[in-house]
Amino acid sequence: MPHILPRTFYARPSIVVARDLIGKTLVRNLAGGVCLRGIVVETEAYGGTKDPASHAFRGMTPRNEIMFGDAGFSYVYFTYGFHNCLNVVTGRKGRAQAVLIRAMEPIEGLEKMKELRGGSTGDPVNLTNGPGKICQALAIDRSLNKVDITKNNSPIYFESSNLEQLGRKVLKSSRIGISAGKDKLWRFYDSSSPYVSHRGKINLGPRLPFRLSRP
DNA sequence: CACTAGATTTTCT
DNA sequence: GAAAATCTAGTGG
């Protein structure tokens, strides 16, 4: 039986949480009882004030304040004038660690996701193969910043998945889109998922068919 | 398929 | 004032 990931899951180093979130289910409850779900296939870990790529590198600001709080809360930020990105706060209070959710495989509510993404996106993979795309497909914006993601009435939470054990191979690489801290291999992804972002540049491994075709 | 320019606005220096 | 944890459309091979 799937269960909501508790705060103890998040209260560990971001690198561990990022790795363990691969294969978990991201659940987004919309108003009106609509539920959207997807399997997490790509994440990135961000350290606190010691990580030059982290928003917390230069200390606490109004934007990153939630990173300095307890684990198990959302950190949603807006960037490049267009896009929102979803993170979960991890580690011990004050450490300011977080994990960026970069890609997922949709498993429920695909029609609603398409609609939120503005209709056809060409290749179905384009629905959720990037941090900005996930937020658009799941209707996530800054109004969902600082949300407790360990409650079953939360608009966002993660749960354990029956699909976790389906032979996923988790690989790691340097993080994407950053200028400092590229030496750290803190990006984790399911090597066989077609939904992983930046395929072909960094990712090796075969592009398998849609995972939903599996039992 | 590979590469890049351009969009657009928040955030912090 | 500059940079940004990105995306899309467009070009060229």
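Atom set for the values below is all heavy atoms of this structure, side chains included, hydrogens, waters and symmetry mates excluded. In what follows, chains are A, B, ... by sequence order, proteins preceding strands, each numbered from 1.
Here the P atom of nucleotide C:dT6 and the CG atom of A:D141 are 18 Å apart, to the nearest Å. Here the P atom of nucleotide C:dA5 and the NE2 atom of A:H198 are 13 Å apart, to the nearest Å. Between the CG atom of A:N129 and the C1' atom of C:dC7 there is a distance of 10 Å, given to the nearest Å. For the pair A:F82 CZ and C:dA9 C1', the interatomic distance rounds to 12 Å; values are reported in whole Å. B:dT11 atom C1' lies 14 Å from atom CG of A:N84, rounded to whole Å. When the C1' atom of B:dC12 is taken as reference, atom CD of A:E65 falls 15 Å away, rounded to whole Å. Rounded to whole Å, the distance from CG on A:N87 to C1' on C:dT6 is 14 Å. Straight-line distance from the CG atom of A:N145 to the P atom of C:dA5: 15 Å, rounded to whole Å.
For A:H83, the side-chain atoms get nearest to C:dT6 when compared with the rest of C:dT6, B:dT8, B:dC12. Taking every side-chain heavy atom of A:C85 into account, C:dT6 is the closest of B:dT8, C:dT8, C:dT6.
The side chain of A:R142 places an N or O atom within less than 4.0 Å of a non-bridging phosphate oxygen (OP1 or OP2) of B:dT11. Here A:R102 reaches the OP1 or OP2 of C:dT6: one of its side-chain N or O atoms lies under 4.0 Å away. Between A:R58 and C:dA4 there is no side-chain N or O to OP1 or OP2 distance below 4.0 Å.
When only modelled atom types and interatomic distance are considered, A:R37 and A:T25 share no side-chain donor-acceptor pair under 3.5 Å. Between the side chains of A:E105 and A:S193, at least one donor N or O lies within less than 3.5 Å of an accepting N or O.
Heavy atoms of A:I178 sit under 4.0 angstrom from primed sugar atoms or phosphate atoms, though from no base atom.
With respect to the salt-bridge test (charged N to carboxylate O, under 4.0 angstrom), the residues A:D51 and A:R175 qualify.
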*Determine, stepwise, if the pair A:Y189 / A:S173 fulfils side chain to side chain contact (heavy atoms under 4.5 Å, CB included).*
CA-CA 8 Å; A:Y189 60 98; A:S173 78; 4.1 Å; yes
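Pair assignment for C:dT11: B:dA2, on the basis of Watson-Crick or G-U wobble contacts that are both within less than 3.5 Å. In a base pair of the Watson-Crick type (N1 to N3 plus N6-O4 or O6-N4) or a G-U wobble (N1-O2 and O6-N3), with each distance short of 3.5 Å, C:dA3 is matched with B:dT10.
Figure legend: cation-pi geometry between A:R102 and A:F188 absent, as NZ or CZ is not positioned both under 6.0 Å from the six-membered ring centre and within 45° of its axis.
Contacts classified as salt bridge (charged side-chain N to carboxylate O under 4.0 Å, His left out) and involving residues 13-26 of chain A (residues at least two apart or in different chains) are given here: A:R12-A:D20, A:K24-A:E164.
Applying a 4.0 Å cut-off to non-hydrogen atoms, the residues of residues 66-81 of chain A that approach DNA chain B are A:F78, A:Y80, A:G81, listed by residue number.
Taking the six-membered ring where the residue is Trp, the centroids of A:H83 and A:F78 are separated by 6.0 Å or more.
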